[in-house]
Asker: 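Here's a structure for you.
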2 protein chains.
Amino acid sequence: MKKRPTITDVAQAAGVSLMTVSRVVNDKPGVGEETRQRIRQLIEEMGYRPNEIARGLATRQTATVAIVVPDITNPFFAQIACGAEAVAFEKGYHLFLLNTAENTDREVAALDSLQQKEIDGVLLCSPRLPIDDLEATISQFAAVTLFNRELQNPLPNVAQININDVLGAQLAVQHFVASGRRRLALIAGPVTSTSGQRRIDGYRAGLRAAGLIFEPQAMEHCQPVTEGGRMATAQLLARRPKTDAILAFNDLVAVGAIQACEDSGRRVPDDIAVIGFDDIPLATIVRPHLTTLHIDLEEVGRLAMSKILEIIQQPDAPAHATHWIDPQLVIRDSA
Amino acid sequence: MKKRPTITDVAQAAGVSLMTVSRVVNDKPGVGEETRQRIRQLIEEMGYRPNEIARGLATRQTATVAIVVPDITNPFFAQIACGAEAVAFEKGYHLFLLNTAENTDREVAALDSLQQKEIDGVLLCSPRLPIDDLEATISQFAAVTLFNRELQNPLPNVAQININDVLGAQLAVQHFVASGRRRLALIAGPVTSTSGQRRIDGYRAGLRAAGLIFEPQAMEHCQPVTEGGRMATAQLLARRPKTDAILAFNDLVAVGAIQACEDSGRRVPDDIAVIGFDDIPLATIVRPHLTTLHIDLEEVGRLAMSKILEIIQQPDAPAHATHWIDPQLVIRDSA
DNA sequence: TGGCGCAACGTTAACGGTAACGAATTTTGT
DNA sequence: ACAAAATTCGTTACCGTTAACGTTGCGCCA
């Protein structure tokens, strides 16, 4: 690993001052065309690259954004990260990955450690952090985008991106009803999940719109994994055998629900229809292929990064409204 | 976002020079115990955090490592990233995420852009990059760990971590043979995959050890996804109907293989046994649960990060031998 | 012809730290 | 008791870059 040339080396080689080289590097005016070309060529020949650390110290901008996720192993967040990274790379930014392992203490510590890096912004996917900590965090950074959290009063340095869970659940109910199902049930996720709560709201709104009534015993909470979905569904079917449609909290839960249905001798979708949520890759691997609510998570990530770059590049712009991402019903084989 | 205090602010508040504060911050000797305590308290009160950018410029160490993966959306790499991030966080390091989207040009560009960031090391998961580019890249960075690539001559600044694919495939064959199967087949991955090549080698070695012969028509290459596995298996079964055991390139392919078996009226594992590779979460979601070769990928990530930190912290240590990670056969329902 | 304005460049001082060395002050050894 | 050695702290010079301001030199116009 040989030492890389500095801007001073280039300046000496070109017989000019380092400021002239700096102006060429940053495409700023104040350099004659001839000199500019000569320096450009020298930069190329010498393989000069500006040191981003030094630049960061001088400009207080590091061209770096962090993404904080509960679990990068979860494809849901991995896709968001993927979209965000793509835009960051396009725009010459770099992306720190922080994994909180679903642990609030670790999350606070991670956010704390980030301050020392003088990053330009944070993409925060933090379903669980208490609202106070959230607001404290936001005030520490120049720019933040919040995913699936709602702030009461919008701030100029914060963009918000939320999944329209209410709409998604409504679409699912609508599809059940349109295909003749009347005895719907909901396998909801964890009680604490914001997303889960909104999906319940949408489910109830959908029932209401169809003139059906919400029966509390036709809803079961569970852990957001396959096994949780299987157990919850088994319980629900035992309690309410005539159920003919299940909306699951997410695709993993939906797969568990299908398994429980099959275990009890029901055929999906003939006897009972199942709709999932998120459209993870698994949805087209299992059989029957899942009918589910598709969310373009890479697009969510791209949007999140674009928004934060807007804030970084024009910090004085007015506070932006929350972006709602509408899920789309993808009809496959399970409903 | 109010301005954070600098080391000079703390020094002035304490009535000492900034070097004294610097020594306290870095736990270096040369400061009296009383003064040290007083400064510690002031640091706490003022909420001082050293600016890592400035520190990076002065020390030429940024406490930052990058991980370059083909696709973070793939749980395989996500798990490695997760383990790497965990160790990085523990040790006070930060992690850049670079996603190459399986695109070699983008990978080269990404690696190039990283140089400007003066990072301390790179974790490179690059199955496809030509060996020349690989070596050129390595020479640009102070420390590198290479995942699943073999360098002919080890370098002092490079750690290598490889999956023992040969062993894994041997274990699978051994298990097939031990359970009475004799007509084995292999759904291999892409022809270009290093890992795939080694798994073929292990498969052949396993056959040899069991006194079976390798039949070229009992092997089929495919894309490393479910649909690829399904199609390749369908072809293979048509060509060689009496096959009673299939080793798949990975779990996704294994799921496709199972589907092809079921489509052709075969029951898994009664008529035909299937073993996957990698043990991704999907393995315990599909039915039958996959018998597969488990690789503790988070541990791989942790190891990769630990090794690179060793290199960073003592660059003069001798070149390290390649680490081989042994897969473990997890016997579930499919074989 | 002298003054003005502008283009093309250079100088200097940060940005917030750390390394290396130097200067006091205290402790130690004999 | 006094030199030598250690401890504690300060000074200075960077690290590589940019911002702000200076300095030329030249053309233009009254």
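This one's a predicted model, so the numbers in the text were calculated from it and none came from an experiment. The sequence lines fix the lettering, A, B, ..., with proteins before strands; numbering per chain opens at 1.
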Asker: Look at the aromatic rings of B/Phe96 and A/Phe96 and report parallel, tilted or perpendicular, splitting at 30° and 60°.
Answerer: parallel
Asker: Looking at every strand, decide which applies to A/Arg36 at a 4.0 Å heavy-atom threshold: base, sugar-phosphate, or nothing.
Answerer: nothing
Asker: If you pin A/Glu33 and B/Pro5 to their nearest nucleotides in DNA chain C, which one's is more 5'?
Answerer: A/Glu33
Asker: Between B/Phe89 and A/Arg106, is there a cation-pi geometry (under 6.0 Å to ring centre, at most 45° from the normal)?
Answerer: yes
Asker: For B/Ser17, answer base if it contacts any base atom (sugar-phosphate contacts may also be present), sugar-phosphate if it contacts only those atoms, and nothing otherwise; contact means non-hydrogen atoms under 4.0 Å.
Answerer: base
Asker: From the options C/dG10, D/dT17, D/dT18, select the nucleotide whose nearest atom is closest to the side chain of A/Val16.
Answerer: C/dG10
Asker: Taking any heavy-atom pair under 4.0 Å as a contact, classify A/Gly32: base, sugar-phosphate, or nothing.
Answerer: sugar-phosphate
Asker: Looking across every strand, which nucleic acid part, if any, lies under 4.0 Å from A/Ile53 by heavy atom: base, sugar-phosphate, or nothing?
Answerer: nothing
Asker: Do side-chain atoms of B/Asn51 reach the backbone of B/Ile53 as a donor and acceptor pair under 3.5 angstrom?
Answerer: yes
Asker: Using a distance-only criterion (donor-acceptor N/O pair, under 3.5 Å, no hydrogens), is the base of C/dG10 paired with the side chain of A/Arg23?
Answerer: yes
Asker: What's the separation between atom CD in A/Glu135 and atom CG in A/Asn153, rounded to the nearest 0.5 Å?
Answerer: 6.5 Å
Asker: Using a 4.0 Å heavy-atom cut-off, does B/Val25 contact any base of the nucleic acid, only the sugar-phosphate backbone, or nothing at all?
Answerer: nothing
Asker: What is the nucleic acid contact for A/Pro29, judged by heavy atoms within less than 4.0 Å: base, sugar-phosphate only, or nothing?
Answerer: nothing
Asker: Counting side-chain heavy atoms from CB outward, which of C/dG10, C/dT11, C/dT18 is closest to A/Leu18?
Answerer: C/dT11
Asker: Round to the nearest Å and state the distance from A/Lys28 atom NZ to C/dG10 atom P.
Answerer: 17 Å
Asker: Name the closest nucleotide to the A/Val31 side chain, picking from D/dC9, C/dC9, C/dG17.
Answerer: C/dC9
Asker: Can you tell me if B/Arg60 touches the phosphate of D/dC15, counting only side-chain N or O atoms and a distance under 4.0 Å to OP1 or OP2?
Answerer: no
Asker: Which of the following nucleotides, C/dT18, D/dT17, D/dC9, is nearest to the side chain of B/Met19?
Answerer: C/dT18
